[in-house]
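Take a look at the structure below.
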Protein chains: 2
Amino acid sequence: MEFKEAKNKFVQTWGALGSQWGINKTMAQIHALLMVSHEPISMEDIMEELQISRGNASMNLRALMDWGIVYKEYKAGERKEFFTAEKDLDELAVKISRERSKREIKPALKVLKEVSAIESDGTAAEKHFVDQTSKLYDFVLKADNVLDKITEYKDNWLAKLVVKIMK
Amino acid sequence: MEFKEAKNKFVQTWGALGSQWGINKTMAQIHALLMVSHEPISMEDIMEELQISRGNASMNLRALMDWGIVYKEYKAGERKEFFTAEKDLDELAVKISRERSKREIKPALKVLKEVSAIESDGTAAEKHFVDQTSKLYDFVLKADNVLDKITEYKDNWLAKLVVKIMK
DNA sequence: ACAAACTTTCATTTTTTTTTGAAAGTTTAA
DNA sequence: TTAAACTTTCAAAAAAAAATGAAAGTTTGT
């Protein structure tokens with residue numbers, strides 16, 4: 001396999017993986033492309049390489065920047081904007097975790113708290129509902145916190161995590 | 001808030017969360033419904049409660065059973081099939097992790113290994129590509145393993161995890 | 001073997017999501 | 001201030017994903 005083929009395969013795979021995780025294909029592909037590029041790329045080049053429209057490129061680049069995992073760069077003397085991806089993988093994981101937690105987990109937790117707080121009459125159905133949603137709340141809260149801790153201490157996270165939780 | 005309203009809110013929220021994680025809305029909703037139900041539910045009742053067609057119900061129930069998080073049950077004397085969800089949350093997490101790892105992470109790892117193995121000529125571009133995809137391979141492999149370990153020891157996973165990894 | 005009581009399948013339709021591209025907007029340099 | 005060189009926006013189109021429902025398939029009891 002040669003370079004171009006490998007790069008293409010990587011971009012395609014990363015794109016497919018993205019869609020399975022609720023991220024749109026183009027967004028994941030642009031990110032993939034930027035990750036393996038050793039120098040900043042212009043919108044023009046992204047469009048060219050991925051065969052996508054200007055609008056598509058613009059919107060997905062904005063989304064990636066909102067996630068904090070792609071940056072704009074300006075080259076001296078050039079009018080055009082260039083883009084780079086966060087390449088430190090720990091940093092990338094931290095940012096993605098934080099963002100997904102904020103956007104998805106936190107709101108879900110709020111709802112779980114609400115619905116588990118209903119006044120149950122005594123029926124088995126209602127008792128089970130309250131019980132199950134309460135457990136779910138605790139579980140999701142704990143999982144979210146663990147993720148937070150893991151990503152908080154990127155380096156050596158395991159050891160520090162243990163200290164923090166065990167004490 | 002009363003029971004019916006709370007249940008509905010939970011089912012809707014779980015469904016929305018599902019779509020953000022690459023699981024289709026109905027599948028997540030059926031799962032939600034079964035999770036908070038204290039007794040097995042028939043396909044008929046699922047269709048009724050979620051206002052979906054027979055085909056849709058059937059296909060999504062099959063998918064949930066393929067994931068191993070919903071079970072068929074037979075009630076004595078009844079011809080109809082009933083369904084229950086895995087309600088133990090640790091067990092649920094284990095099954096979802098395993099399945100996603102098998103279906104998505106493992107194939108991605110295979111590709112990462114492949115593309116990071118190209119013979120780099122000396123150019124910066126190719127060197128960077130090999131370097132970055134190798135790092136990515138290591139990172140994803142490690143993350144996948146940690147998840148595996150966490151879910152392997154549902155109870156007390158943290159302590160055992162430390163022992164296993166630290167030694 | 002038959003038929004009633006169910007479930008599954010899959011071509012078609014519907015809905016949702018993504019992409020396009022042209023117009024509007026912005027920035028810079030002269 | 002103007003115009004060239006860009007980027008963003010967003011209504012419309014296209015593509016992808018999900019849902020429908022009727023026909024085909026299966027199972028069970030008699």
Side-chain angles (χ1 to χ4, degrees), chain A residues 11-34 40-67 70-84 100 103-104, chain B residues 11-34 40-67 70-84 100 103-104:
Chain A
V11 169
Q12 296 306 321
T13 305
W14 210 240
L17 200 64
S19 3
Q20 285 165 325
W21 289 84
I23 288 146
N24 94 37
K25 197 184 67 182
T26 305
M27 189 169 154
Q29 286 183 342
I30 293 177
H31 182 248
L33 190 60
L34 292 174
I41 316 186
S42 69
M43 208 162 96
E44 211 68 41
D45 288 346
I46 291 170
M47 287 163 56
E48 166 65 25
E49 189 120 11
L50 301 179
Q51 290 293 306
I52 58 174
S53 71
R54 193 170 289 287
N56 198 3
S58 175
M59 290 177 110
N60 283 304
L61 280 165
R62 149 112 354 262
L64 285 163
M65 294 189 324
D66 289 347
W67 277 74
V70 160
Y71 314 110
K72 244 185 206 166
E73 286 203 3
Y74 296 95
K75 278 194 188 169
E78 290 252 29
R79 183 81 168 266
K80 228 179 296 184
E81 297 172 338
F82 291 81
F83 300 88
T84 354
R100 296 206 79 150
R103 298 182 191 204
E104 297 149 21
Chain B
V11 169
Q12 295 306 320
T13 305
W14 211 240
L17 199 66
S19 0
Q20 286 165 324
W21 288 84
I23 287 145
N24 93 38
K25 196 183 67 180
T26 304
M27 189 169 154
Q29 286 183 341
I30 294 177
H31 182 247
L33 190 61
L34 293 174
I41 315 187
S42 69
M43 206 162 95
E44 212 68 43
D45 288 345
I46 291 170
M47 286 164 56
E48 165 66 22
E49 188 120 13
L50 301 179
Q51 290 293 306
I52 57 173
S53 71
R54 193 170 290 288
N56 196 4
S58 174
M59 289 178 110
N60 284 114
L61 280 165
R62 149 108 359 262
L64 284 163
M65 293 187 327
D66 288 346
W67 277 75
V70 160
Y71 314 111
K72 244 184 206 167
E73 287 203 3
Y74 297 95
K75 278 192 188 169
E78 291 251 30
R79 183 79 168 268
K80 226 180 298 187
E81 298 172 337
F82 291 80
F83 300 89
T84 355
R100 295 206 78 149
R103 296 182 193 206
E104 297 150 21

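Because only heavy atoms are used, hydrogens play no part in the values below, and waters and symmetry mates are left out as well, while side chains stay in. All chains are named by letter (A, B, ...) in the order of the sequence lines, taking the proteins before the strands, and each is independently numbered beginning at 1.
- Per the geometry, CZ belonging to B:R62 stands 13 Å off P belonging to C:dC10, to the nearest Å.
- One interatomic measurement links the two molecules: CD of A:Q20 to P of C:dT17, which rounds to 18 Å at whole-angstrom precision.
- For C:dC6, the OP1/OP2 oxygens have no side-chain nitrogen or oxygen of B:K75 closer than 4.0 Å.
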*Which nucleotides of nucleotides 18-30 of chain D have their base under 4.0 Å from a protein heavy atom (B), which only their sugar-phosphate (S), and which neither (-), written as one string 5' to 3'?*
SSBB-----BB--
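- Of the candidate nucleotides C:dT7, D:dC6, D:dT9, D:dC6 has the atom lying nearest to any side-chain atom of A:K80.
- Considering all non-hydrogen atoms of both residues, A:M47 and A:S53 come closest at CG-O, 4.0 Å.
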*Please step through side chain to side chain contact (heavy atoms under 4.5 Å, CB included) for the pair B:K72 and B:F83, ending with a clear verdict.*
CA-CA 5 Å; B:K72 244 184 206 167; B:F83 300 89; 3.6 Å; yes
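- Going from atom CD1 of A:I41 over to atom CD of A:E49 covers 6.5 Å, rounded to the nearest 0.5 Å.
- Rounded to an integer number of Å, the gap from A:E81 CD to D:dA5 P is 16 Å.
- Separating the CD atom of A:E78 from the P atom of D:dC6 is a distance of 8 Å, rounded to the nearest angstrom.
- B:E73 and B:T84 get closest at one heavy-atom pair: OE2-OG1, 3.0 Å.
- The distance between atom CG of B:D66 and atom P of C:dT9, rounded to the nearest whole Å, is 10 Å.
- Heavy-atom minimum distance, B:K75 versus B:P40: NZ-O, 4.4 Å.
- Distance CH2 (B:W21) to P (D:dA17): 19 Å, rounded to an integer number of Å.
- A:I30 has its CD1 atom 14 Å from the C1' atom of D:dT7, to the nearest Å.
- Minimum interatomic distance between B:W67 and B:R100 (heavy atoms only, all atoms of both residues): CH2-CG, 3.5 Å.
- For the side chain to side chain contact (heavy atoms under 4.5 Å, CB included) with B:N60, the lone residue among B:I52, B:I46, B:I30, B:V70 that qualifies is B:I30.
- B:R54 has a carboxylate O that lies under 4.0 Å from a charged side-chain N of B:E44, or vice versa, which qualifies the two as a salt bridge.
- For the atom pair CD1 of B:I23 and CD of B:Q29, the computed distance is 12.5 Å after rounding to the nearest 0.5 Å.
- Within residues 42-50 of chain B, the residues that have a heavy atom under 4.0 Å from DNA chain C are, in order of number, B:M43.
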